[in-house]
Amino acid sequence: MNRRSDIYHQIAAGKRPANLLVIDNHGHFGTDLTGMPMEREVAETVEVMDASGIDRGVVFYCGTDYRRGNDLTLEGAALAPKRFIAYAYLNADDSRKMLAELERCRAAGMVGLKLHSSWVGAGVKFTDPLWQDVWAYCARYRWPVIIHGMLPCLARANPQTTFIHAHGIEAIRNDEAVQAMRECQNYYWDTSSTMTLMGAVEQAVEWFGSERLLFGSDFPLNNMVTRMGTVLAARIYDADMRKILGGNIARLLGIEV
Amino acid sequence: MRFFDANCFLGRPASPTLSHFESAPELLAEMDDIGIERSVVWHADALASGIAGNRRLMREIKRRPRLEPAWLVNPRALSSPRDTSEYLKELSGANVRVVRFQPGPLHNFSLHHWAYREFFEGLAGRGIILYVDFQMTPALSHAAVPEYEWPILHDLATNIPELNIILFAPKLSSAVTQTMGLLRACRNVMLDISALQKWRATELVCENCGAGQLLFGGYMPYFDAAQFVVQLQCALIPDADKQKIAFDNLASKLGVK
């Protein structure tokens, strides 16, 4: 396909396409990235979402004290509950403590898990046995696990668990990640990268189909709208674009479209 | 909205790209699809061979008034005052109004105003714009303006205030405070919005510095300019500011109606 989609052309012209569900799969609350109080951060985020036609955003913490971070995420999401979907966050800990925290988060309405290689713990690998119960927990409750620093081998070793490779679109030139995308139906990429090469989304759709690609921005670190533009810019069919922008994550989370 | 892209290129660079424009018609077709009326364009061949690459560019864009040439300057061209003088004459003779200058690892140019004084003053006297590109490196990584370059840039812009300088550095926004300080202090410095991929960065710069020093740059075919169309279209700034950024500011500098 050589031409950009009708959805792009409508948004580029300042119009809002009809019946377009947009869910940003990758955002943060409680990380102090904006330096603003939570109320203002949430209000500004909703203002940007309204202006750009983004219906909902997945939010999670990322940092040191995971229990405190999960509370902050819940606090932020509760300020606009129709707009935000909260995931739990963990750093490496005793397996029982991690499972107890997941239970607490699930009871509070969280529906997925986020992990980050820079914060998870010095020397901790996602292939370490301590995570096995966590992967099983997420598989049991159909929680997607979004990982910064994702290792594609995790998806291969844990086929019942859904893994989202945060910033995965950057791996379009990584043979191991590409091979895993070809082989593992439980392995997804998100598009939250400031370095997405022109043609990367098209290439990914051609190689893997559109079912396992998810729009993500990494707000409020990144500009939510530019990252939505990365997907809108792709020369793909409207149907594929709708899946990437919101349909796929809605399917994973059981959100009715 | 009319768009004037300040930065795209023809040819194949050494850095990884997923697509490239072999010829001007290919670039023009892409511009048509995105909705870009005019572009400043350079040729990747000039990264290694300034003379051959710039000549090839001029052949490619001949009788294509939508494309404005930007020449690359290589260190050899400025190796003595006589070489510099000849290069400046060549620029004027070819009616070239934009020169790209790369302080990063590719050419290692110094931005000290005293290092290439004849060149910088020669550009200023001829009304030729200096593009300073921190992004272009052999690896095309997450380039940023090195901390030590900020005062040097400031000194260059203040010591030669008639010189129009446009910065290209997609990771610039990680230092958005320095950026705004520089823009406020030096009204002859401009910045393209692909550098403003951080949370509400376009809005923040417009609010603090006005829209007069921002312009639209896509860096195709590394990145997809369409994403920045979306970024600007959805920005929470007045429509009049959007139009200035999209077209008017650069057109005014280049004397294009």
Side-chain angles (χ1 to χ4, degrees), chain A residues 1-5 7-16 27-28 33-36 41 44-45 47-54 169-170 172-173 191-204 206 217-235, chain B residues 1 3 8-9 13 15-21 26 29-30 32-36 135 139-144 169-174 176-177 193-204 218-237 239 242 246:
Chain A
M1 185 172 178
N2 293 321
R3 196 177 170 274
R4 283 173 180 75
S5 69
I7 296 173
Y8 164 76
H9 286 287
Q10 286 178 58
I11 291 177
K15 295 173 189 158
R16 178 97 181 252
H28 298 275
L33 290 165
T34 60
M36 294 188 288
E41 183 169 318
E44 284 205 358
T45 307
E47 187 186 10
V48 171
M49 291 165 77
D50 287 344
S52 51
I54 297 171
I169 196 71
E170 290 177 358
I172 193 79
R173 289 178 170 275
T191 60
S192 61
S193 167
T194 54
M195 294 296 286
T196 305
L197 295 172
M198 184 176 186
V201 175
E202 292 92 319
Q203 181 97 267
E206 188 186 327
S217 74
D218 206 356
F219 74 89
L221 192 63
N222 284 325
N223 189 331
M224 199 180 237
V225 179
T226 319
R227 295 286 68 83
M228 181 173 73
T230 304
V231 179
L232 291 170
R235 289 152 291 187
Chain B
M1 197 151 49
F3 283 89
C8 62
F9 65 91
S15 309
T17 54
L18 294 174
S19 51
H20 72 281
F21 304 120
E26 288 177 26
E30 200 69 43
D32 286 340
D33 186 33
I34 296 172
I36 295 170
Q135 171 69 7
L140 186 76
S141 60
H142 284 72
K171 286 295 276 187
L172 195 64
S173 50
S174 58
V176 75
T177 314
I193 62 161
S194 74
L196 300 175
Q197 296 189 39
K198 296 297 175 189
W199 181 247
R200 300 196 76 166
T202 308
E203 290 85 347
L204 199 62
Y219 224 135
M220 287 198 295
Y222 274 141
F223 307 117
D224 198 323
Q227 66 187 317
F228 303 114
V229 169
V230 174
Q231 176 180 318
L232 188 58
Q233 186 62 260
C234 296
L236 293 163
I237 58 174
D239 286 348
K242 289 181 187 175

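Being a predicted model, the structure only gives us computed values, none of them experimental. So that the names make sense, note that chain A is the first sequence line, chain B the second, and so on, each numbered from 1.
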Between CD on residue Q197(B) and OG on residue S217(A), distance to nearest 0.5 Å: 11.5 Å
Please list, chain by chain and in numerical order, all residues satisfying side-chain contact (heavy atoms from CB on, under 4.5 Å) with D32(B), sequence neighbours excluded. R66(B)
Sub-4.5 Å side-chain heavy-atom contact between M198(A) and E30(B): yes
Checking side-chain polar atoms at under 3.5 Å, does N222(A) have a donor or acceptor matched by the opposite partner on K198(B)? yes
One should read off an interatomic distance between L232(A) CG and Q231(B) CD, to the nearest 0.5 angstrom, of 12.5 Å
So I11(A) and C234(B), do their side chains get closer than 4.5 Å, heavy atoms only? yes
Between OG1 of T226(A) and CG of L196(B), what distance do you get to the nearest 0.5 Å? 8.5 Å
If you compare all heavy atoms of V225(A) against all heavy atoms of V230(B), which two are closest, and at what distance to 0.1 Å? CG1-O, 3.5 Å
Can you tell me which of M224(A), E44(A), M228(A), Q203(A) forms the most heavy-atom pairs within a distance under 4.5 Å of chain B? E44(A)
Kindly indicate whether the side chain of V48(A), heavy atoms from C-beta on, has any atom under 4.5 Å from the side chain of L236(B). yes
Is there a donor-acceptor pair under 3.5 Å between the side chain of Y8(A) and the backbone N or O of I34(B)? yes
Measure the spacing between CG of D224(B) and CD of E202(A) and express it to the nearest 0.5 Å. 6.5 Å
Side-chain contact test, heavy atoms from C-beta onward, threshold under 4.5 Å: evaluate it for H9(A) versus D33(B) and give yes or no. yes
When rounded to the nearest 0.5 angstrom, what distance separates CD in E203(B) from CD in E47(A)? 8.5 Å
How far does CH2 of W199(B) sit from CE of M36(A), to the nearest 0.5 angstrom? 7.5 Å
Partners of Q233(B) by side-chain contact (heavy atoms from CB on, under 4.5 Å), sequence neighbours excluded? M1(B), K242(B)
What I'd like to find out is whether the side chain of T196(A) reaches to under 4.5 Å of the side chain of F223(B), using heavy atoms alone. no
